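What you are looking at is a predicted structure, and each value in this text was computed from that prediction instead of being measured. By convention here, the first residue in the shown sequence is residue 1.
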Amino acid sequence: MSLLANPVPRLFIGAALISLSPVWVKLVDVSATTSGFYRVAIGGVALTLYLVLSGRRMSFSRATWAVLLASALFFSLDLWFWHRSIQYIGPGLSTLLANFQVFIMTAFGLVVLREAPRLMQVVAIPLALVGLALIVGLDWRALPEDYRLGVIFGLATAAAYAGYLLSMRRARQGSPHRIPSREIAVVSLVCAAMLCATAMIEGQSLAVPTLEDAAWLGAYGLLSHSLGLMFIASSLPHVRTTQVGIALLLQPTLSFVWDVLFFARPMSMTELLGAAIALLAIYLGSRSSSKQPQGARQ
């Protein structure tokens, strides 16, 4: 317990827990939509119980409720795209692409908010493209159709996640609470309802075939979604910006490591170089906004 009382270990433990998210998705034998449903359903119920036991109320203004509904929609799209990307191209690359949201956030700040990007953010964008080109190759049409679809879904995940972050940032404006536990609980439960409806439309079953699958889904919802997000969010006000940036970079890095260790992903030297360049670009691009409590990836 003394270890978790220190915000720095809590930050990095949270990052490590979240990095396991795509591993659970890959291990479980259910559809992409179903695994997304159980992540937010289990995590949302766990967070709600925590709020009830701690005496916190989920009372928001009408405007905030509307923004939270938008956040839930974006997060539903995020999980829908990301879980399919994981199935097509694996945990490592799909999570790396999802973290490209930092560049979409930079573009949004420039075009909509009229915020001039930092020099390092400008440098990060071409670096990310070079890294991606080294990983997937320069001949796009020579890639298998499923692989190309996985890359497209990964980039769509980044766009949806950027929408989630922007709407959550808006919902948090003026909040007296430093930890977004109430907002994440609401978004999780609404997102679960949306994914449940999506599964019904797609004709997908929400049945969990085995106890092993139930264990993976439980770990996904409790460890990665609930504990991982709360560990990071609770530590952010007490650590340096550089430490936050390194922790956020740890997530896609570890996802690549898990992909190699658990699923024997082959990696050439060119792909390793591309991944390193892309991770550096993500780090540079996230430096200015890494103190945001909801910015942790997945």
Side-chain angles (χ1 to χ4, degrees), residues 1-21 39-61 63-72 74-75 78-79 99 101-102 105 161-192 219-251 286-298:
M1 294 301 294
S2 58
L3 179 66
L4 294 181
N6 189 321
V8 176
R10 199 163 65 241
L11 172 70
F12 287 97
I13 291 172
L17 288 174
I18 293 177
S19 75
L20 288 167
S21 294
R39 166 188 170 150
V40 287
I42 295 171
V45 169
L47 288 172
T48 301
L49 288 175
Y50 163 74
L51 291 171
V52 170
L53 293 175
S54 60
R56 301 184 187 183
R57 298 177 60 188
M58 286 191 268
S59 55
F60 304 101
S61 67
T64 301
W65 274 110
V67 177
L68 288 175
L69 290 176
S71 297
F74 279 121
F75 199 55
D78 169 287
L79 293 179
N99 277 272
Q101 53 86 11
V102 297
M105 297 280 281
Y161 196 65
Y164 163 74
L165 291 178
L166 290 167
S167 54
M168 277 290 281
R169 184 176 297 176
R170 179 67 178 270
R172 290 279 296 159
Q173 288 180 352
S175 174
H177 304 284
R178 289 190 300 180
I179 311 303
S181 52
R182 300 183 311 152
E183 290 86 353
I184 294 176
V186 169
V187 167
S188 298
L189 294 177
V190 175
C191 185
Y220 191 17
L222 294 174
L223 298 180
S224 296
H225 188 78
S226 299
L227 286 181
L229 289 178
M230 287 301 99
F231 279 177
I232 289 180
S234 64
S235 64
L236 287 179
H238 311 289
V239 297
R240 295 193 300 271
T241 302
T242 303
Q243 292 172 319
V244 177
I246 294 172
L248 297 183
L249 185 65
L250 184 65
Q251 297 169 34
S286 64
R287 285 293 299 274
S288 66
S289 59
S290 58
K291 287 285 278 187
Q292 291 297 327
Q294 64 270 28
R297 170 61 211 161
Q298 304 300 343

Inset, instruction - Check the pair Val187 / Tyr164 against side chain to side chain contact (heavy atoms under 4.5 Å, CB included), numbers first and verdict last. - result: CA-CA 10 Å; Val187 167; Tyr164 163 74; 4.0 Å; yes

Legend entry - Flag, side chain of Ser226 to backbone of Gly43, donor-acceptor distance under 3.5 Å: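 Side chain of Ser226 to backbone of Gly43: a pair is present.
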
Do [X] and [Y] have side chains that get closer than 4.5 Å, going by heavy atoms?
X	Y	value
Ile13	Phe231	yes
Met230	Ile184	yes
Leu11	His238	no
Ile42	Tyr220	no
Leu51	Arg182	yes
Gln251	Ile232	yes

Inset, instruction - Classify the angle between the aromatic ring planes of Trp65 and Phe60 as parallel (below 30°), tilted (30 to 60°) or perpendicular (above 60°). - result: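 Rings of Trp65 and Phe60: perpendicular, over 60°.
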
Nearest heavy-atom pair of [X] and [Y]: which atoms, and what distance?
X	Y	result
Leu17	Ser224	O-OG, 2.8 Å
Ser181	Arg56	OG-NH1, 3.4 Å
Ser234	Ile179	CA-CD1, 3.3 Å
Val40	Ser188	CB-O, 3.4 Å
Tyr161	Phe75	CE1-CE1, 4.1 Å
Ser167	Phe74	OG-CD1, 4.0 Å

Measure the spacing between [atom1] of [X] and [atom2] of [Y] and express it to the nearest 0.5 Å.
X	Y	atom1	atom2	value
Leu69	Cys191	CG	SG	11.5 Å
Leu227	Arg10	CG	CZ	12.0 Å
Met168	Glu183	CE	CD	5.5 Å
Leu222	Leu47	CG	CG	9.5 Å

Inset, instruction - Apply the test side chain to side chain contact (heavy atoms under 4.5 Å, CB included) to residues Arg170 and Thr64: give CA-CA distance (whole Å), side-chain angles for both, the deciding distance (0.1 Å), then the verdict. - result: CA-CA 8 Å; Arg170 179 67 178 270; Thr64 301; over 6 Å; no

Inset, instruction - Would you sort out whether Leu189 and Thr48 count as a side chain to side chain contact (heavy atoms under 4.5 Å, CB included), showing the intermediate values? - result: CA-CA 9 Å; Leu189 294 177; Thr48 301; 3.3 Å; yes

Inset, instruction - Run the numbers on Ser21 and Arg39 for side chain to side chain contact (heavy atoms under 4.5 Å, CB included), then give the verdict. - result: CA-CA 9 Å; Ser21 294; Arg39 166 188 170 150; 4.0 Å; yes

